[in-house]
Amino acid sequence: MPQLRRKKVPWTVQEEEMLKKGVQKFSSDGKFPWKDILEYGSSVFFSDRTTIDVKDKWRNMCKVSPKFK
DNA sequence: CTAGGGTTAGAC
DNA sequence: GTCTAACCCTAG
């Protein structure tokens with residue numbers, strides 16, 4: 001059992017857009033309800049997309065583009 | 001549940 | 001060989 005890591009699937013524009021919209025719509029008390037955001041765009045987000053993935057994507061995006069924060 | 005860190009894989 | 005994007009694990 002070589003514990004295969006999931007394949008590297010690039011994020012689509014739909015996911016990034018839904019993430020941005022969700023964060024701009026939600027984002028209360030400086031907290032990020034990724035759970036709600038994920039549910040909000042569950043129709044666009046992949047089936048394996050987790051709150052950790054969303055947070056990581058947002059973090060990476062912010063690191064490379066401080067304009068989003 | 002959210003935040004941060006470390007590692008792997010693909011592109012340059 | 002290096003950098004960016006993504007995935008997994010741990011800590012608060």
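Proteins get letters first, then strands, A, B, ... in listed order; numbering begins at 1 in each. We use all heavy atoms of the structure for the numbers below, so side chains are in, but hydrogens, waters and symmetry mates are not.
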Here the distance between atom P of dT2(B) and atom NZ of Lys35(A), to the nearest Å, is 8 Å

Between CD1 of Ile52(A) and P of dA6(C) the distance, given in whole Å, is 15 Å

So OG1 of Thr50(A) and CG of Asp48(A): to nearest 0.5 Å the spacing works out to 8.0 Å

Side-chain contact check for Lys8(A): nearest option of dT2(B), dC7(C), dT8(B) is dT8(B)

Do Arg49(A)'s NZ or CZ and the ring of Trp11(A) fall within the cation-pi criteria of under 6.0 Å and 45°? yes

Whole-Å distance, Asp48(A) CG to dA6(C) P, equals 15 Å

Checklist entry - Are OP1 or OP2 of dA5(C) and a side-chain N or O of Lys57(A) less than 4.0 angstrom apart? => result no

Rounded to whole Å, NZ of Lys55(A) lies from C1' of dG12(C) at a distance of 13 Å

Comparing Asp36(A) with Asp56(A), nearest DNA chain B nucleotide closer to 5' gives the residue Asp36(A)

Would you indicate, yes or no, if dG4(B) has its OP1 or OP2 atom less than 4.0 angstrom from a side-chain nitrogen or oxygen of Trp58(A)? no

To the nearest angstrom, the NZ-C1' distance between Lys63(A) and dA3(B) comes to 13 Å

Correct closest heavy-atom pair for Leu19(A) and Phe45(A) would be N-CZ, 3.9 Å

Here the distance between atom P of dA5(C) and atom CZ of Arg49(A), to the nearest Å, is 14 Å

Checking Glu39(A) against Ser42(A): is there a side-chain donor and acceptor pair closer than 3.5 Å? no

Rounded to whole Å, CZ of Arg59(A) lies from C1' of dC8(C) at a distance of 14 Å

Atom NZ of Lys31(A) and atom P of dG12(C) are separated, to the nearest Å, by 14 Å

